[in-house]
Amino acid sequence: MDAFTAGLLQRIKATESDLTMARETGDDFLAEVEQAELEDLHRLAAEHGVEVNALHV
């Protein structure tokens with residue numbers, strides 16, 4: 001795995017964690033920000049052929 005892929009997958013994992021925390025604490029604004037970031041990261045992954053489903057195994 002190259003550095004780009006590893007970094008992207010790490011950012012996705014961290015953003016998913018941050019999104020969960022924002023939802024659990026009821027911070028709707030932060031949850032929206034994290035959700036948008038996660039969508040951007042997933043789009044970037046798709047554009048570069050990075051398989052994201054591996055994170056959920």
Side-chain angles (χ1 to χ4, degrees):
M1 178 180 310
D2 63 23
F4 173 79
T5 300
L8 182 58
L9 293 175
Q10 180 58 37
R11 286 183 61 198
I12 290 171
K13 186 175 181 179
T15 302
E16 288 175 337
S17 177
D18 293 345
L19 175 57
T20 298
M21 187 176 296
R23 287 177 174 163
E24 288 175 353
T25 61
D27 190 336
D28 294 335
F29 176 75
L30 182 57
E32 287 183 32
V33 170
E34 296 297 345
Q35 182 64 47
E37 175 71 9
L38 188 58
E39 290 169 6
D40 287 343
L41 291 169
H42 277 270
R43 187 179 68 251
L44 184 62
E47 288 173 359
H48 291 276
V50 175
E51 180 63 43
V52 176
N53 294 334
L55 290 175
H56 304 288
V57 173

*With sequence neighbours excluded, what pairs up with Glu34 under the salt bridge (Lys or Arg N to Asp or Glu O under 4.0 Å) test?*
none
*Measure from the side-chain N and O atoms of Ser17 to the backbone N and O of Lys13, and report whether any donor-acceptor pair falls under 3.5 Å.*
no
*State, to 0.1 Å, how close Ile12 and Ala45 come at their nearest heavy-atom pair, and which atoms those are.*
CD1-CB, 4.4 Å
*Just how far is it from atom CZ of Arg23 to atom CD of Glu32, taken to the nearest 0.5 Å?*
10.5 Å
*Atom pair CG (Leu38) and CG (Asp18), whose distance is rounded to the nearest 0.5 Å*: 10.0 Å
*asked:* In this structure, would Leu41 and Met21 fall into the same cluster of hydrophobic residues linked by side-chain contacts under 4.5 Å?
replied: no
*Leu44 with Leu19, same ILVMFWY side-chain cluster at under 4.5 Å*: yes
*Which pair of heavy atoms, one from Ala31 and one from Ala22, lies closest together, and at what distance?*
N-CB, 3.7 Å
*Taking it one step at a time, do Met1 and Leu9 satisfy side chain to side chain contact (heavy atoms under 4.5 Å, CB included)?*
CA-CA 10 Å; Met1 178 180 310; Leu9 293 175; 4.0 Å; yes
_Rounded distance (nearest 0.5 Å) linking atom NE2 of His42 with atom CG of Leu8_ = 9.0 Å
*asked:* Among residues at least two apart in sequence or on other chains, which ones pass salt bridge (Lys or Arg N to Asp or Glu O under 4.0 Å) with Asp40?
replied: Arg43
